[in-house]
Visitor: 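Before anything else, here's the structure in question.
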Amino acid sequence: SQTIHQWPATLVQPVGSPLSLECTVEGTSNPNLYWYRQAAGRGLQLLFYSIGIDQISSEVPQNLSASRPQDRQFILSSKKLLLSDSGFYLCAWSWRVGMNTEAFFGQGTRLTVV
Amino acid sequence: SQQGEEDPQALSIQEGENATMNCSYKTSINNLQWYRQNSGRGLVHLILIRSNEREKHSGRLRVTLDTSKKSSSLLITASRAADTASYFCATDGRDSSYKLIFGSGTRLLVRP
(Lines give C-alpha, C1' and ligand atoms only; values in the text may rest on other atoms or scores of the structure.)
Protein backbone atom coordinates (compact mmCIF):
# COMPACT_ATOMS: atom_id res chain seq x y z
CA SER A 1 0.00 0.00 0.00
CA GLN A 2 1.01 3.58 -0.56
CA THR A 3 1.85 6.01 2.22
CA ILE A 4 2.92 9.61 2.35
CA HIS A 5 5.09 11.07 5.06
CA GLN A 6 5.39 14.75 5.74
CA TRP A 7 7.46 16.33 8.47
CA PRO A 8 7.77 18.10 10.76
CA ALA A 9 4.19 18.43 12.00
CA THR A 10 4.78 21.86 13.51
CA LEU A 11 7.56 24.37 13.08
CA VAL A 12 8.28 27.78 14.56
CA GLN A 13 10.93 29.72 12.71
CA PRO A 14 12.23 33.30 13.03
CA VAL A 15 11.92 35.74 10.17
CA GLY A 16 14.90 35.51 7.85
CA SER A 17 15.74 31.90 8.70
CA PRO A 18 15.82 29.14 6.07
CA LEU A 19 13.13 26.51 5.62
CA SER A 20 13.13 22.92 4.50
CA LEU A 21 10.00 20.78 4.56
CA GLU A 22 10.25 17.24 3.35
CA CYS A 23 7.69 14.90 1.89
CA THR A 24 8.23 11.30 0.83
CA VAL A 25 5.93 8.76 -0.75
CA GLU A 26 6.24 5.01 -0.35
CA GLY A 27 4.72 2.18 -2.29
CA THR A 28 4.44 3.75 -5.72
CA SER A 29 6.63 4.96 -8.55
CA ASN A 30 6.53 8.08 -10.68
CA PRO A 31 3.87 9.88 -8.67
CA ASN A 32 2.70 13.39 -9.34
CA LEU A 33 3.67 15.47 -6.32
CA TYR A 34 2.14 18.67 -4.99
CA TRP A 35 2.78 21.34 -2.37
CA TYR A 36 -0.17 23.39 -1.13
CA ARG A 37 -0.46 26.17 1.44
CA GLN A 38 -3.56 26.83 3.46
CA ALA A 39 -4.12 30.03 5.39
CA ALA A 40 -6.22 29.76 8.54
CA GLY A 41 -9.83 29.00 7.68
CA ARG A 42 -9.17 29.27 3.97
CA GLY A 43 -8.83 27.07 0.91
CA LEU A 44 -5.74 25.43 -0.51
CA GLN A 45 -3.37 27.40 -2.69
CA LEU A 46 -1.33 25.30 -5.11
CA LEU A 47 2.33 26.28 -4.78
CA PHE A 48 4.21 23.68 -6.82
CA TYR A 49 3.49 20.50 -8.69
CA SER A 50 5.83 17.98 -10.24
CA ILE A 51 5.21 15.26 -12.79
CA GLY A 52 8.78 13.95 -12.62
CA ILE A 53 12.32 14.61 -11.47
CA ASP A 54 13.44 17.98 -12.82
CA GLN A 55 9.86 18.75 -13.86
CA ILE A 56 8.56 21.20 -11.31
CA SER A 57 6.02 23.88 -12.04
CA SER A 58 5.53 26.92 -9.87
CA GLU A 59 2.04 28.32 -9.59
CA VAL A 60 2.57 31.42 -7.53
CA PRO A 61 5.64 33.67 -7.50
CA GLN A 62 6.80 33.80 -3.95
CA ASN A 63 9.58 33.36 -1.46
CA LEU A 64 9.57 29.57 -1.80
CA SER A 65 11.14 26.96 -4.05
CA ALA A 66 10.67 23.24 -4.53
CA SER A 67 12.97 20.42 -5.51
CA ARG A 68 12.56 16.75 -6.29
CA PRO A 69 15.94 15.10 -5.66
CA GLN A 70 14.44 11.60 -5.92
CA ASP A 71 11.37 10.20 -7.62
CA ARG A 72 9.36 9.99 -4.40
CA GLN A 73 10.81 12.93 -2.47
CA PHE A 74 9.53 16.47 -2.67
CA ILE A 75 11.14 19.30 -0.71
CA LEU A 76 9.83 22.79 -0.08
CA SER A 77 12.46 25.38 0.74
CA SER A 78 13.05 29.00 1.47
CA LYS A 79 16.31 30.86 1.93
CA LYS A 80 14.78 33.58 4.11
CA LEU A 81 11.35 33.24 5.65
CA LEU A 82 8.87 36.09 5.77
CA LEU A 83 6.05 36.57 8.25
CA SER A 84 3.62 36.01 5.38
CA ASP A 85 5.02 32.50 4.88
CA SER A 86 3.17 31.34 7.99
CA GLY A 87 0.49 28.78 7.23
CA PHE A 88 -0.41 25.13 6.95
CA TYR A 89 1.62 23.35 4.28
CA LEU A 90 0.30 20.19 2.71
CA CYS A 91 2.08 17.73 0.49
CA ALA A 92 0.10 15.41 -1.75
CA TRP A 93 0.64 12.78 -4.45
CA SER A 94 -1.46 11.28 -7.19
CA TRP A 95 -1.04 8.52 -9.75
CA ARG A 96 0.87 9.54 -12.83
CA VAL A 97 -1.09 7.52 -15.34
CA GLY A 98 -4.62 8.46 -16.25
CA MET A 99 -6.38 11.71 -15.72
CA ASN A 100 -9.11 10.67 -13.35
CA THR A 101 -7.16 10.15 -10.18
CA GLU A 102 -7.53 11.29 -6.60
CA ALA A 103 -4.84 12.98 -4.52
CA PHE A 104 -3.53 11.58 -1.27
CA PHE A 105 -2.46 14.07 1.36
CA GLY A 106 0.07 14.11 4.12
CA GLN A 107 -0.91 15.32 7.56
CA GLY A 108 0.52 18.77 6.99
CA THR A 109 3.10 21.06 8.59
CA ARG A 110 1.95 24.06 10.55
CA LEU A 111 4.58 26.75 10.07
CA THR A 112 4.65 29.84 12.25
CA VAL A 113 7.14 32.53 11.35
CA VAL A 114 7.88 34.84 14.27
CA SER B 1 -5.48 30.86 -8.68
CA GLN B 2 -8.72 29.46 -7.35
CA GLN B 3 -10.61 27.33 -9.82
CA GLY B 4 -13.47 26.21 -7.63
CA GLU B 5 -15.55 28.33 -5.31
CA GLU B 6 -17.82 26.72 -2.77
CA ASP B 7 -20.89 28.10 -1.19
CA PRO B 8 -21.97 28.52 1.43
CA GLN B 9 -18.73 29.33 3.20
CA ALA B 10 -20.20 27.98 6.42
CA LEU B 11 -23.18 25.78 7.16
CA SER B 12 -24.68 24.80 10.51
CA ILE B 13 -27.33 22.09 10.67
CA GLN B 14 -28.92 19.74 13.16
CA GLU B 15 -27.91 16.09 13.27
CA GLY B 16 -30.15 14.07 10.97
CA GLU B 17 -30.68 16.90 8.49
CA ASN B 18 -29.24 16.94 5.01
CA ALA B 19 -26.33 19.20 4.09
CA THR B 20 -25.88 20.60 0.60
CA MET B 21 -22.72 22.33 -0.57
CA ASN B 22 -22.15 23.84 -3.98
CA CYS B 23 -19.08 24.38 -6.08
CA SER B 24 -18.61 26.51 -9.17
CA TYR B 25 -15.59 26.45 -11.43
CA LYS B 26 -14.32 28.42 -14.37
CA THR B 27 -12.65 26.26 -17.01
CA SER B 28 -13.34 22.96 -18.72
CA ILE B 29 -12.47 19.95 -16.63
CA ASN B 30 -11.78 16.22 -16.89
CA ASN B 31 -13.15 15.52 -13.46
CA LEU B 32 -14.28 17.13 -10.23
CA GLN B 33 -13.47 15.80 -6.81
CA TRP B 34 -14.72 16.42 -3.30
CA TYR B 35 -12.49 16.23 -0.25
CA ARG B 36 -13.02 16.47 3.47
CA GLN B 37 -10.68 18.06 6.01
CA ASN B 38 -10.93 17.67 9.73
CA SER B 39 -9.51 20.62 11.64
CA GLY B 40 -5.74 20.82 11.39
CA ARG B 41 -5.40 17.65 9.35
CA GLY B 42 -4.73 16.62 5.79
CA LEU B 43 -7.49 16.21 3.23
CA VAL B 44 -9.24 12.95 2.55
CA HIS B 45 -10.75 12.13 -0.81
CA LEU B 46 -14.50 11.51 -0.77
CA ILE B 47 -15.69 11.09 -4.33
CA LEU B 48 -14.72 11.80 -7.93
CA ILE B 49 -17.12 12.53 -10.75
CA ARG B 50 -16.00 12.56 -14.37
CA SER B 51 -17.00 15.27 -16.79
CA ASN B 52 -19.26 12.86 -18.68
CA GLU B 53 -21.14 11.86 -15.54
CA ARG B 54 -24.08 13.77 -14.08
CA GLU B 55 -24.58 12.11 -10.73
CA LYS B 56 -22.72 9.78 -8.45
CA HIS B 57 -23.46 8.17 -5.09
CA SER B 58 -21.24 6.85 -2.33
CA GLY B 59 -22.94 5.83 0.89
CA ARG B 60 -24.61 8.96 2.29
CA LEU B 61 -22.93 11.16 -0.30
CA ARG B 62 -24.51 12.27 -3.52
CA VAL B 63 -22.61 14.41 -6.02
CA THR B 64 -24.05 16.08 -9.10
CA LEU B 65 -22.19 17.77 -11.92
CA ASP B 66 -23.58 20.23 -14.44
CA THR B 67 -20.86 21.03 -16.94
CA SER B 68 -23.08 23.50 -18.81
CA LYS B 69 -23.28 25.60 -15.65
CA LYS B 70 -19.80 24.66 -14.48
CA SER B 71 -21.14 23.68 -11.11
CA SER B 72 -21.34 20.71 -8.75
CA SER B 73 -23.12 19.95 -5.53
CA LEU B 74 -22.35 17.62 -2.65
CA LEU B 75 -25.26 16.33 -0.61
CA ILE B 76 -24.69 14.58 2.70
CA THR B 77 -27.85 12.86 3.82
CA ALA B 78 -28.83 12.10 7.43
CA SER B 79 -25.87 14.07 8.77
CA ARG B 80 -24.02 13.06 11.90
CA ALA B 81 -21.94 15.08 14.34
CA ALA B 82 -18.90 13.23 12.96
CA ASP B 83 -19.54 14.86 9.57
CA THR B 84 -18.39 18.18 11.06
CA ALA B 85 -15.44 19.23 8.89
CA SER B 86 -14.50 21.45 5.98
CA TYR B 87 -15.41 20.25 2.51
CA PHE B 88 -13.55 21.23 -0.63
CA CYS B 89 -14.13 20.71 -4.29
CA ALA B 90 -11.16 20.29 -6.58
CA THR B 91 -10.84 20.33 -10.33
CA ASP B 92 -8.18 19.47 -12.81
CA GLY B 93 -8.07 21.20 -16.14
CA ARG B 94 -8.42 19.84 -19.64
CA ASP B 95 -5.31 21.76 -20.59
CA SER B 96 -3.30 20.47 -17.66
CA SER B 97 -4.75 17.40 -16.01
CA TYR B 98 -1.92 17.18 -13.52
CA LYS B 99 -2.87 20.38 -11.73
CA LEU B 100 -5.43 19.93 -8.99
CA ILE B 101 -6.98 23.23 -7.97
CA PHE B 102 -9.07 23.53 -4.83
CA GLY B 103 -11.87 25.85 -3.91
CA SER B 104 -12.15 27.85 -0.72
CA GLY B 105 -14.23 25.24 1.08
CA THR B 106 -17.43 25.00 3.09
CA ARG B 107 -17.17 24.64 6.87
CA LEU B 108 -19.90 22.29 8.01
CA LEU B 109 -21.01 22.11 11.62
CA VAL B 110 -23.43 19.35 12.56
CA ARG B 111 -25.00 20.01 15.95
CA PRO B 112 -25.84 16.92 18.01
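Below, read A as the first sequence line, B as the second, and so on, with proteins coming before strands; counting in each chain starts at 1. Keep in mind it's a predicted model, so treat the numbers as computed, not measured.
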Visitor: Evaluate the side-chain proximity of A:Leu46 to B:Ile101: yes if any heavy-atom separation is below 4.5 Å, no if none is.
Guide: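 With C-beta onward as the side chain, the pair touches.
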Visitor: In the single-linkage hydrophobic clustering (I, L, V, M, F, W, Y; side-chain heavy atoms under 4.5 Å), do A:Val15 and A:Tyr89 co-cluster?
Guide: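 The answer is yes; both residues are in one hydrophobic cluster.
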Visitor: What are the two closest non-hydrogen atoms of B:Leu100 and A:Tyr34, and how far apart are they?
Guide: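 Scanning both residues completely, I find the closest heavy atoms to be N-CE2, 4.1 Å.
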Visitor: Between B:Ser39, B:Gly105, B:Gly40, who has the most heavy-atom pairs with chain A when the cutoff is under 4.5 Å?
Guide: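 Ranked by contacts with chain A, first place is B:Gly40.
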Visitor: Out of curiosity, B:Arg41 CZ to A:Gln107 CD, how far, rounded to the nearest 0.5 Å?
Guide: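 Rounded to the nearest 0.5 Å, the CZ-CD separation comes out at 4.0 Å.
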Visitor: Surrounding CG of B:Asn52 (heavy atoms of other residues, nucleotides or ligands, distance under 6.0 Å), is the total greater than 12?
Guide: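 Yes, because the 6.0 Å sphere around CG of B:Asn52 holds more than 12 heavy atoms from other groups.
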Visitor: If you count heavy-atom pairs under 4.5 Å between each of A:Gly108, A:Ala92, A:Ala103 and chain B, which one has the most?
Guide: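 The option with the most such pairs is A:Ala103.
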Visitor: Determine, using the 4.5 Å side-chain heavy-atom cutoff (strictly less than), whether A:Val114 and A:Leu64 are members of one ILVMFWY cluster.
Guide: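 The answer is no; the residues belong to distinct hydrophobic clusters.
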Visitor: Are any of the side-chain heavy atoms of A:Leu90 and B:Gln37 separated by less than 4.5 Å?
Guide: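 Sidechains of B:Gln37 and A:Leu90: in contact.
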Visitor: Shortest non-hydrogen contact from B:Gln33 to A:Glu102?
Guide: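 Answer, listing the atom of B:Gln33 first, then A:Glu102: OE1-CA, 3.3 Å.
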Visitor: Enumerate the residue pairs fulfilling salt bridge (Lys or Arg N to Asp or Glu O under 4.0 Å) with a member in residues 76-88 of chain A, sequence neighbours excluded, ordered by first and then second residue.
Guide: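 Salt bridge (Lys or Arg N to Asp or Glu O under 4.0 Å) check on residues 76-88 of chain A returns A:Arg37-A:Asp85.
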Visitor: With a 4.5 angstrom heavy-atom cut-off, is it the side chain or the backbone of A:Gln38 that approaches chain B, or both, or neither?
Guide: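 For A:Gln38, the contact with chain B is made by the side chain alone.
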Visitor: A:Val12 and A:Leu76: same hydrophobic cluster, using ILVMFWY side-chain contacts below 4.5 Å?
Guide: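 No, separate clusters.
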Visitor: When rounded to the nearest 0.5 angstrom, what distance separates NZ in B:Lys99 from OG in A:Ser94?
Guide: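 If we round to the nearest 0.5 Å, B:Lys99:NZ and A:Ser94:OG are 14.0 Å apart.
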Visitor: Crowded around B:Arg80 CZ? As in, over 12 foreign heavy atoms under 6.0 Å?
Guide: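 No, the 6.0 Å shell around CZ holds no more than 12 heavy atoms from other groups.
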Visitor: Which bit of A:Tyr36 comes within less than 4.5 Å of chain B, counting heavy atoms only: side chain, backbone, both or neither?
Guide: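 For A:Tyr36, the contact with chain B is made by the side chain alone.
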Visitor: Check whether A:Ile51 and A:Ile75 end up in the same hydrophobic cluster, where Ile, Leu, Val, Met, Phe, Trp and Tyr are linked by side-chain heavy atoms less than 4.5 Å apart.
Guide: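 Different clusters: A:Ile51 never reaches A:Ile75 through Ile, Leu, Val, Met, Phe, Trp or Tyr contacts under 4.5 Å.
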Visitor: With a 6.0 Å cut-off on the ring centroids, do B:Phe102 and A:Phe105 count as close?
Guide: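 Judged by ring-centre distance (under 6.0 Å), B:Phe102 and A:Phe105 do meet the cut-off.
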Visitor: Give a yes or no on this: more than 12 heavy atoms of other residues, nucleotides or ligands lie within 6.0 Å of atom CD of B:Glu53.
Guide: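 Yes, the 6.0 Å shell around CD holds more than 12 heavy atoms from other groups.
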Visitor: Sort A:Arg42 into side chain, backbone, both or neither according to what part of it lies under 4.5 angstrom from a heavy atom of chain B.
Guide: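 It is the backbone, since no side chain atom gets that close.
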